[in-house]
Protein chains: 2
Amino acid sequence: MFSIGEMSRRTGVKVPTIRYYEGLGLIAPEGRTAGNQRRYGRAGLGRLSFIAHARELGLSLAAVRELIALEDRKPGAHDEIHRIAADHLAGIRGRIARLRRLEAELERIGRACEARAGAPCRILHALADHGACDGAH
Amino acid sequence: MFSIGEMSRRTGVKVPTIRYYEGLGLIAPEGRTAGNQRRYGRAGLGRLSFIAHARELGLSLAAVRELIALEDRKPGAHDEIHRIAADHLAGIRGRIARLRRLEAELERIGRACEARAGAPCRILHALADHGACDGAH
DNA sequence: TCTTGAACCTCTAGTCGCTAGAGAGATTAC
DNA sequence: GTAATCTCTCTAGCGACTAGAGGTTCAAGA
């Protein structure tokens with residue numbers, strides 16, 4: 001049996017975060033000591049690793065909750081699981097696309113000012129005037 | 001003079017958000033009507049456009065506050081302004097790099113399951129086992 | 001001038017995913 | 001037995017809003 005600190009050490013998830021996940025119903029200890037301290041088993045460790053890894057990959061806790069529910073209720077529910085993963089991947093691709101547009105725009109804005117001392121910075125001007133932008137953002 | 005609703009229409013910033021910005025000290029109305037309603041002038045509209053555009057480009061409100069302070073206190077402070085913009089650009093590039101790693105990993109995980117009905121989905125397995133991952137994330 | 005309806009006011013609380021801290025009690029190693 | 005470390009619950013804070021309650025003011029038409 002593992003204490004919450006041991007769980008934290010093994011997964012890299014901080015102690016208060018584990019308790020937070022418990023509050024959300026994502027994980028629960030197998031039991032408690034006489035002194036009310038949480039004790040987890042192998043299954044709990046696996047569950048926490050799952051959550052930690054999903055979070056590292058950027059899935060929301062709502063998505064994690066959904067995946068856990070699917071795993072528990074209907075094992076082998078490929079369609080829903082693949083849909084959640086595909087949605088997440090699409091979200092990531094959208095964010096990459098948006099960030100690339102921002103990157104290009106900021107590069108353009110940064111090049112606009114030759115930094116003459118005393119003159120107002122062209123960057124501020126470019127920020128104030130959306131009409132001067134290349135693409136939509 | 002513009003009402004808060006007019007400001008919202010012209011900049012696309014929602015009314016409660018304008019009030020929120022006011023609470024943070026980023027913008028203030030030029031005055032109030034006898035009935036306590038906010039009234040803004042051209043300068044306020046410019047300021048709000050600036051904030052809106054900076055936000056669209058992903059700058060934090062803290063960065064916006066810093067830029068506004070620089071503009072007010074020392075016009076032509078190129079160095080600081082360019083530094084803020086460069087920091088932001090570096091942050092965006094870092095986020096793009098991270099998202100690309102996630103994208104690759106999720107693609108790999110998604111390909112791992114051939115979706116045999118009844119069998120546990122390999123995606124869940126891949127999520128549970130960080131050791132099976134290619135890169136660091 | 002009066003009335004209606006839209007816009008406006010302040011205030012509180014909720015979102016997401018944690019994180020920090022207070023103050024008290026439990027466990028473990030020596 | 002004692003000291004050090006862990007753990008407990010609870011509350012509040014972060015950023016950047018958003019939603020809603022309950023009440024007031026404005027602008028336009030009759």
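These values consider heavy atoms only, across backbone and side chains, with no hydrogens, waters or symmetry-generated copies. This is a predicted model, so every value here is computed, not measured. Protein chains get the first letters and strands the later ones, always in sequence-line order, with residue 1 at the start of each.
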For atom CZ of B/R122, decide whether the heavy atoms of other residues, nucleotides or ligands shown that lie under 6.0 angstrom number more than 12.
no

Between C/dA7 atom P and B/F2 atom CZ, what is the distance in whole Å?
18 Å

For the atom pair CG (B/L106) and CG (A/L59), what is the distance rounded to the nearest 0.5 Å?
6.5 Å

Tell me whether the OP1 or OP2 atom of C/dC8 has a side-chain N or O from B/T33 closer than 4.0 Å.
no

Is B/V15 linked to B/M1 within one hydrophobic cluster, defined over Ile, Leu, Val, Met, Phe, Trp and Tyr using a side-chain heavy-atom separation of less than 4.5 Å?
no

Would you indicate whether B/R10, at its atom CZ, is surrounded by more than 12 heavy atoms from other residues, nucleotides or ligands within a distance under 6.0 Å?
yes

Determine the contact category for B/I4: base if any of its heavy atoms lies under 4.0 Å from a base atom, sugar-phosphate if only primed atoms, P, OP1 or OP2 are that close, otherwise nothing.
sugar-phosphate

Ionic contact status for B/D79 with B/R83, cut-off 4.0 Å
no

Rounded to whole Å, how long is the line connecting atom CG of A/L61 with atom P of C/dG17?
4 Å

Phosphate-side-chain proximity, B/R38 and C/dC8, N/O vs OP1/OP2 below 4.0 Å
no

With a 4.0 Å cut-off on N to O distance, would you call B/R108 and B/E105 a salt bridge?
yes

Check the distance between C/dT28's C1' and A/R39's CZ and give it to me in whole angstrom.
11 Å

Using 4.0 Å as the upper bound for N to carboxylate O, is an ion pair formed by A/E103 and B/R95?
no

Distance check needed: C/dT28 P versus A/Q37 CD, whole Å only.
8 Å

In whole angstrom, give the distance that lies between atom CG of A/L26 and atom P of C/dC16.
12 Å

Just wondering, more than 12 heavy atoms not from A/R42 lying within 6.0 Å of its CZ?
no

On DNA chain C, does the nearest nucleotide to A/N36 precede the nearest nucleotide to A/S60 from the 5' side, or the other way round? Give the residue.
A/S60

Is the count of non-hydrogen atoms from other residues, nucleotides or ligands lying under 6.0 Å from B/R73 atom CZ greater than 12?
no

For DNA chain D, note the earliest and the latest nucleotide, 5' to 3', having some atom under 4.0 Å of a heavy atom belonging to chain A.
D/dT7 to D/dT9

Below 4.0 angstrom, which residues in residues 5-23 of chain A have at least one non-hydrogen atom near DNA chain D?
A/G5, A/R19

If you assign B/G35 and B/A62 each to the DNA chain D nucleotide with the nearest heavy atom, which residue ends up on the more 5' nucleotide?
B/A62

